[in-house]
Amino acid sequence: MKNPISLLTGSFLRELGRDRIVWILAAAAGSLVLASLILNEMVVGQPLKATRDAGLSLLSLLGSGGALAMVFSLGGKMVEGRALPFLLARPVRRSDYLTALAGAVWLAATLGLALLTALLIVLVRLGGQTWIAGPLLGLLLAVLETAVVTALAVFFAAALPPAPALFLTVMAWVAGHALDGALAVASQGHQRTLTTLLGVLDVALPNLELFNHRATLAQGGSVAPGTLGLAALYAGVWVFLLLRGAAAIFRRREL
Amino acid sequence: MDPLISVAGVDKTFPTGRRSTVALKGASLQVLPGQVVGLLGPNGAGKTTLLKILAGISRADRGEIRLFGSPPGVGLRRRIGFLPERPEFLPHATAMELLALSLRLSGGSGGEARVAEVLEATGMARFRNTAVGRFSQGMKQRIGLAQALVHRPDLLLLDEPMTGLDPLGRRMAFSLIERFHREGGTVLFSTHHLDDIEAVCTHLVAIQQGAVSPLGEATALRAQGGFCLTAERDGERREALPRGEEELWTELERLRRDGWRPLALRSDLTRHLEGYYEEPD
């Protein structure tokens with residue numbers, strides 16, 4: 001018998017591929033990258049800078065945003081839409097379902113990000129420049145960040161109804177990007193309580209700024225292999241912890 | 001003979017806001033191999049909760065459950081076919097894809113040929129390539145039966161299998177259950193349709209306020225009763241309970257002679273079972 005996780009992941013991927021929301025996101029991403037070509041006219045002396053900046057930002061934003069949309073769309077159909085009992089009556093563990101959900105969403109998002117990266121490389125090439133390493137590194141970092149955001153969304157969706165789960169995931173995403181800056185400001189202002197509180201949050205929530213090297217990449221710079229390796233390890237540990245936590249909570253949830 | 005399903009002293013409570021709702025209270029039940037057991041009871045009696053616990057969807061708070069002689073586990077579920085109440089599925093999957101997934105998840109054999117066979121048996125063959133999300137409730141019910149049967153289980157757990165089915169669909173469901181039973185399968189199903197129970201059940205169990213009471217063999221219960229004849233005269237209604245066919249004809253003759261108009265005839269078993277659908281005081 002084939003592994004239930006791979007069977008479910010395949011079915012969920014097919015389900016996502018037929019869902020309107022995925023195609024709307026893909027169309028939005030493509031349109032925004034194309035729109036950046038117009039913005040290039042406003043940037044004097046740095047041809048295609050707007051396309052490079054917008055493309056790298058979109059990789060991060062659409063990876064995370066797409067993952068959120070897909071987790072809550074598919075997860076909602078399964079739990080609130082009552083499609084899950086027929087699967088769980090099979091030899092399928094609840095943790096298998098959560099792993100397959102996260103895996104399918106991550107794979108679908110990765111596929112979308114890869115297409116967006118290809119579009120970005122082609123557009124820059126048509127503009128007369130060769131820029132390949134930057135988008136590919138941006139893709140890798142966006143894929144890692146998307147894995148963590150997907151696991152965050154699955155964690156909250158396993159514990160709560162869709163609206164509060166979505167709100168908390170977005171808050172965790174914002175905090176993941178803003179905590180480093182907020183912590184620096186608080187420590188400079190010598191606000192001990194706020195610094196402690198932000199420090200606790202910094203440890204308790206994944207730090208998504210580890211995956212943000214857009215400024216360097218847009219300027220044609222690179223990211224050290226050690227930094228990439230650390231980011232991959234960090235993402236792996238968080239995905240593991242979040243999915244284990246989600247499984248422990250979801251095991252007790254009444255369906 | 002060892003029971004296929006053994007439930008002893010099972011409790012289940014659901015939190016509902018600040019209060020809690022008792023769904024099952026000391027529920028005990030035994031189902032032997034080859035039985036077709038009808039689970040009777042009003043809405044909220046605990047039928048769905050009991051079936052979900054047996055199917056592995058929900059967990060009992062306390063009590064002992066054994067299926068096929070073992071404590072329930074993920075591996076045992078490949079021997080069980082479960083139809084949830086008002087089933088829903090992955091909406092973009094076609095009927096064929098859904099059944100293929102069900103078959104493969106349960107490790108069933110036969111592949112596409114088996115899927116096609118079950119689609120044919122449930123009257124859904126011509127909708128094999130239609131997305132399940134486009135189906136009516138009755139069609140989803142048929143696909144629900146198909147996915148419960150596709151991996152050739154030993155035990156069927158059916159929660160309101162006749163809901164939303166048209167007369168042809170009901171006949172199809174009866175024939176599938178009967179065939180499954182003839183081939184040695186065991187069935188536990190809940191229903192509100194008393195004629196369903198009369199048609200296919202070998203044994204009956206009542207569940208009221210979370211407590212389970214075995215009622216015995218359907219044939220014995222039928223033999224105890226006769227008919228229940230309802231008649232009307234000048235807006236007044238009365239019921240007569242003839243014991244057999246001969247008594248029934250005599251009673252009909254007497255009623256007509258006295259100016260009563262026969263309105264309905266049902267078996268006394270049905271009348272007896274209706275008592276289990278009355279809300280307790």
Side-chain angles (χ1 to χ4, degrees), chain A residues 1-24 70 72-101 104-105 108 159-161 247-255, chain B residues 12-16 21 23 48-49 51-59 61 73-94 97-109 131-133 140 143-144 146-148 150-151 153 155-157 159:
Chain A
M1 194 177 75
K2 216 174 163 185
N3 183 335
I5 296 176
S6 59
L7 282 171
L8 288 179
T9 304
S11 294
F12 290 165
L13 257 180
R14 192 173 50 212
E15 193 73 12
L16 287 170
R18 291 173 184 170
D19 203 325
R20 203 181 302 159
I21 196 162
V22 174
W23 297 106
I24 290 172
M70 287 188 277
F72 287 102
S73 165
L74 185 55
K77 283 174 198 163
M78 298 309 293
V79 179
E80 280 72 27
R82 295 183 295 111
L84 196 51
F86 104 93
L87 285 181
L88 293 183
R90 310 262 156 211
V92 173
R93 290 184 173 83
R94 291 187 179 205
S95 58
D96 295 342
Y97 156 69
L98 292 176
T99 309
L101 173 66
V105 166
L160 296 164
I249 294 168
F250 200 56
R251 200 180 305 141
R252 288 169 180 79
R253 187 158 166 188
E254 285 299 339
L255 296 169
Chain B
K12 178 73 184 177
T13 306
F14 293 106
T16 42
T21 304
T48 295
T49 304
L51 288 169
K52 279 166 90 172
I53 288 173
L54 291 171
I57 311 291
S58 188
R59 282 180 177 209
D61 296 336
V74 173
L76 279 182
R77 291 186 209 155
R78 67 175 56 98
R79 299 183 65 186
I80 298 173
F82 175 58
L83 170 68
E85 185 182 19
R86 295 190 178 277
E88 292 294 339
F89 309 100
L90 292 167
H92 295 297
T94 66
E97 288 165 352
L98 195 85
L99 295 188
L101 173 67
S102 303
L103 181 67
R104 295 179 77 188
L105 280 174
S106 296
S109 59
V132 177
K140 283 182 186 167
I143 285 296
Q147 62 82 31
V150 71
H151 56 293
L155 170 65
L156 272 183
L157 300 171
D159 196 356

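By convention in this document, chain letters (A, B, ...) are assigned in the order of the sequence lines, proteins followed by strands, and residues within each chain are numbered from 1.
For a residue to count as touching a neighbouring chain, one of its non-hydrogen atoms must lie under 4.5 Å from one of that chain's; by this rule Ala131(B) does not touch chain A. For Arg90(A), the parts lying near chain B are the backbone and the side chain together; criterion is any non-hydrogen pair under 4.5 Å. If you measure heavy-atom distances from Lys12(B) to chain A, the contacts under 4.5 Å come from the side chain alone. Contacts between Glu254(A) and chain B at a heavy-atom distance below 4.5 Å involve the side chain alone, from C-beta outward.
With chain A as partner, the option from Pro15(B), Ser102(B), Ala55(B), Pro84(B) having the largest number of non-hydrogen pairs under 4.5 angstrom is Ser102(B). Contact tally against chain A (heavy-atom pairs below 4.5 Å) for His92(B), Gln147(B), Arg86(B), Glu88(B): the top residue is His92(B).
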For this session: Could you check Leu88(A) against Arg94(A) for side chain to side chain contact (heavy atoms under 4.5 Å, CB included), going step by step and ending with a plain yes or no?
Result: CA-CA 7 Å; Leu88(A) 293 183; Arg94(A) 291 187 179 205; 4.0 Å; yes
Exercise. Passes salt bridge (Lys or Arg N to Asp or Glu O under 4.0 Å), Arg104(B) versus Glu97(B)? Steps please.
Worked result: CA-CA 10 Å; Arg104(B) 295 179 77 188; Glu97(B) 288 165 352; over 6 Å; no
For this session: Would you check, one step at a time, whether the test side chain to side chain contact (heavy atoms under 4.5 Å, CB included) holds for Arg20(A) with Ile24(A)?
Result: CA-CA 6 Å; Arg20(A) 203 181 302 159; Ile24(A) 290 172; 4.0 Å; yes
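Leu90(B) is listed as a side-chain neighbour of Leu101(B), based on a closest heavy-atom distance under 4.5 Å.
Within 6.0 Å of the CZ atom in Arg59(B), the count of heavy atoms belonging to other residues, nucleotides or ligands does not exceed 12.
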